[in-house]
Amino acid sequence: MTTNEETRRRKLDTDKQDSPEDHVGGQQPDSCCDRVCVAHVHPEANDANTHYCLLQTSGSCTPKHPQRTCSFADEIRDESPCKTTISAENEVEAQKLANNYKFGFRKWKSHVTERPFENRSNIVKELYSELNVIKPYSVGSLFTCGNVLYVFLFGWWIALVYVFVGLLMFLTVFGIPYAKLCWKLSCYFLWPFGKSIEKASVSVAAYSVKILQDNSTLETEEDGKPSSPLLLPTPVGETIEEPTESPPNDHYWRHVSTYIWLLVGYPLLAITHSVLCLISWLLVFTIPVAKMSFKTLHTILLIPPEHVHISQATEAQEHEGQVILCCYHAVNLYYYKYTVDGINVFAVNLLLLVIISIVIGYVDKSNEFVSSEVKFATAVISIIPLSYYIGMGIASISAQSNFAVGAVVNATFGSITELTFYITALVRGHHQGNKCLQEIVKAALTGTLLGCILFIPGICMIIGGLKHREQRFNSRSAGVSSSLLFISIGGVFAPTLFSKAYGNLVCENCTNSTGTNSSGSFMCKNCHYDLSENNYSLFHSHIEPLVYTISILLPVSYIIGLIFTLKTHSHIYDIQVGDGTGHLGASVHWSRWRALLILIIATVLMSACADLTTEHIQPILSHSSISQYFIGVTVLAMVPEIPEIVNGVQFALQNTISLSFEVGSCIAVQVCMIQIPILVLFNIFYDVGFVLVFSDLHLWASIFSVLVVNYIFMDGKSDYFQGTALVVVYLILLALYYFAPSPSGC
């Protein structure tokens, strides 16, 4: 041990004797977690003190104050790395959580594996119930706003349909039993809450048959029990017990009424319940109504009418039979958590919008049935679920693969959503000779940076602050991310600064304020710096080489960051699988090949939606009084990032605000280090006229945003007011874009 370390150690020993509470169980003022220091001394090397730091993170719950265990040497050398132990339900989830802390990997909150159902909360278990359990309830608890809303939205017309079908079946004479069933179901669906539908069982007397092995006969005693004849040996035989319940009714399909029901009544009710299922499923919060309707269509309407018994849920327990349906509430606000094969229900429902958008966009080319504005809106909204599927696919593959595969997938498919739109817009603008689309692309790039730097951290701070009064994060880590982001933005806007310093200012539509051509003050419009190919000395000799140099350096910096994460910091993450409950196996929602197939399909659909967006945006730009800058920095920039915003908010609610910041930082870094260099590279092979020079508003808005974020992240604390400040700054910048004049060429 060196002399300096020995001196420091003696000093610390003295401090520890003076105030032991500062070192054991005490909380450092700058730390975001509780630290418990323990010395680990190797017996074979007394002067070598090893240390480690354990940050416990759970996949099922996040502690309010994570415990970190540090060695004695950590107090001596603060620059030593800390080891983060990630505890998860299985290895795949642990790998996904570890990826959230790695550079270049997009952060993903949702599970990529099936969670043990028995470990879920009662609220979540209720979402997946089959609506066939009788529960104790009070009559007053059934009169909720959701149940009353059900009567006004669905109950009255479903009941009328059943009354009408019952009349039809009654007129057929043979279908009178089904008519009675329809009338009973009409009353049920008008107010189904607190009632149960069960399949009544038809029982027969129990009896036994004894098969004798010889030809002996049985005599019957007075009490009715069989007995052997007197003085004869007792016969040996087999006893076959018959079940008390009757087998399925084989005569059901032999009745004429059954076929009349299947031809007349059932089709009408099938259409009715299909419409009810679709509407209630799309509304998400009324999914219990969809389950109730599907079970009625699939089971109840195909049972013999004499076997269907409807009663109050409390009375149903007195009957012998199988409970088929029992519903208490039509609306459950927690259904936003509902998933289908690991996919959120909103993403599942929005797939229908994707199909509709592509159909109306490519079938109705002349806009005879649907206007361009509607097509543009549906195409933009369709990007949201496709972005979710791409994010889910990336997380699934990365969690099941090694670091290299995960890094490649994140670098390629992680930017595919934005790149698809940018390249499509540049190609369409080049073919149409419309420079406005190029400016829209630059506005979307800047809008993504502003949203990721200001809006995503700000909204996460606000929503997280509503649940947690104050959240702490590592200010050093946030400072490193902010510095890296500042360097990236500086590299992207370096050609812009160069052109401002050495370019020629060209103005159009200039008029003298006095109305004459004499010297004096002039009023000009559409002023810009001349970067055309005619200005060879500036563009080709200076700006273009600078753009190519930066487009090479930025991806190289990204690769260095990945190698730094893989090699230098590979010892930071210590994965612990399982929590002692025995759930170590992983049943993934999507395998790697399935996730890859979904990624490819989602990318193709994304290309179609991006093509429709760029095709139908021109009428909006031409007839809208809003600045084209504003449309680019808001709609086109932030709509594809909505799934990422949701991830950031979920991290903030779980008191992991640092991951919320990393969500926006990761996207911004990918924009600067991957997306923009790819656009420059694409312009080299297919000249679409893309020049990496931004307007003054883009330049100063981006620089100002980075400075504000660096100031906010200095103290390592996050609360509601800081998030409000970031969002207010973002809204002020949007106001500037809203009132800014349209870019040159639009």
Side-chain angles (χ1 to χ4, degrees), residues 129-132 142-200 252-253 255-313 316 321-332 335 349 352:
S129 64
E130 297 295 333
L131 301 182
N132 58 357
L142 299 180
F143 289 93
T144 61
C145 295
N147 292 351
V148 174
L149 183 64
Y150 162 84
V151 176
F152 286 99
L153 291 180
F154 309 115
W156 65 272
W157 61 270
I158 293 292
L160 289 179
V161 171
Y162 269 99
V163 171
F164 175 73
V165 174
L167 291 175
L168 289 180
M169 296 304 297
F170 185 81
L171 294 177
T172 61
V173 179
F174 292 100
I176 291 179
Y178 288 96
K180 295 179 180 179
L181 174 63
C182 290
W183 291 333
K184 289 192 296 183
L185 290 176
S186 67
C187 298
Y188 175 82
F189 278 101
L190 183 63
W191 185 264
F193 312 109
K195 302 177 184 178
S196 66
I197 300 179
E198 67 176 46
K199 181 180 179 182
Y252 172 69
W253 297 103
H255 295 166
V256 178
S257 60
T258 301
Y259 295 96
I260 295 177
W261 166 250
L262 295 177
L263 294 176
V264 178
Y266 187 81
L268 295 176
L269 294 177
I271 297 174
T272 302
H273 280 287
S274 298
V275 173
L276 178 61
C277 275
L278 180 62
I279 297 175
S280 56
W281 180 272
L282 292 178
L283 294 177
V284 176
F285 301 107
T286 58
I287 287 181
V289 179
K291 291 183 177 180
M292 183 171 56
S293 181
F294 177 78
K295 184 165 289 190
T296 301
L297 181 63
H298 182 263
T299 305
I300 297 175
L301 296 181
L302 297 178
I303 297 177
E306 61 272 11
H307 292 177
V308 178
H309 179 76
I310 302 176
S311 64
Q312 292 296 326
Q322 177 187 1
V323 177
I324 302 176
L325 184 60
C326 185
C327 183
Y328 295 94
H329 298 284
V331 177
N332 190 336
Y335 263 98
N349 291 348
L352 180 62

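Sequence positions, counted from 1, serve as the residue numbers for this chain.
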Interatomic distance, OG1@Thr258 vs OH@Tyr178, rounded to 0.5 Å, equals 3.5 Å

ring-ring contact (aromatic ring centres under 6.0 Å, His included) partners of Phe154, counting only residues at least two apart
none

Is there side-chain contact between Val331 and Leu283, with heavy atoms separated by less than 4.5 Å?
no

For Thr296, give me all partners under side-chain contact (heavy atoms from CB on, under 4.5 Å), at least two apart in sequence or on another chain.
Tyr162, Phe189, His273, Ile300, Leu301, Leu325

Once ring-ring contact (aromatic ring centres under 6.0 Å, His included) is applied, do any residues pair with Phe174, and if so which ones, sequence neighbours excluded?
none

Spell out, as yes or no, whether a donor-acceptor pair under 3.5 Å connects the side chain of Lys295 to the backbone of Glu130.
yes

Working to the nearest 0.5 Å, report the span between CG of Leu181 and CD1 of Ile176.
14.0 Å

Show the nearest heavy-atom pair for residues Ala330 and Tyr150, with the distance to one decimal.
CB-CB, 3.7 Å

Does CZ belonging to Phe285 count more than 12 external heavy atoms closer than 6.0 Å?
yes

One should read off an interatomic distance between Thr172 OG1 and Ile260 CD1, to the nearest 0.5 angstrom, of 5.0 Å

Taking side chain as C-beta onward, heavy atoms only, is Ile287 less than 4.5 Å from Asn332?
no

Is any side-chain heavy atom of Lys195 less than 4.5 Å from a side-chain heavy atom of Gln312?
yes

Spatial distance of atom SG (Cys277) from atom CG (Leu297) [nearest 0.5 Å]
7.0 Å

Please report the shortest heavy-atom distance between Ala270 and Ser274, naming the atom on each side.
O-OG, 2.7 Å

State the CD-CD1 distance between Glu198 and Ile303, to the nearest 0.5 angstrom.
10.5 Å

Indicate the atoms forming the closest heavy-atom contact of Gly265 with Met169, along with that distance.
N-SD, 3.9 Å

I need the minimum non-hydrogen distance between Leu302 and Tyr266, along with the two atoms involved.
CD2-CE1, 3.8 Å

side-chain hydrogen bond (donor to acceptor under 3.5 Å, both in side chains) against Trp281, all qualifying residues, sequence neighbours excluded
Asn349

Residues two or more places apart in sequence or in another chain: which of them pass side-chain contact (heavy atoms from CB on, under 4.5 Å) with Pro288?
Tyr335

Would you find a donor on one side and an acceptor on the other, under 3.5 Å apart, between the side chain of Thr286 and the backbone of Val289?
no

Point-to-point distance, once rounded to the nearest 0.5 Å, from OG of Ser196 to CG of Leu131:
12.5 Å

Step through the shown structure and confirm whether more than 12 heavy atoms of other residues, nucleotides or ligands are within 6.0 Å of CH2 on Trp157.
yes

Partner residues of Leu168 under the side-chain contact (heavy atoms from CB on, under 4.5 Å) criterion, sequence neighbours left out
Phe164, Val264, Leu268

Specify the closest pair of heavy atoms between Trp261 and Pro267, including all atoms of both residues, with the distance to one decimal.
O-CD, 4.1 Å

Is the backbone N or O of Ser129 less than 3.5 Å from a side-chain atom of Lys291, with the two atoms forming a donor-acceptor pair by type?
yes

Evaluate the side chain to side chain contact (heavy atoms under 4.5 Å, CB included) criterion for residues Ile158 and Thr272: first the C-alpha distance (whole Å), next the side-chain angles of each, then the deciding distance (0.1 Å), finally the verdict.
CA-CA 7 Å; Ile158 293 292; Thr272 302; 3.4 Å; yes

Partners meeting side-chain contact (heavy atoms from CB on, under 4.5 Å) with Trp191 (sequence neighbours left out)
Leu142, Phe143, Asn147, Val151, Phe193

Determine the minimum heavy-atom distance between Val308 and Lys184, stating which atoms define it.
O-NZ, 3.5 Å

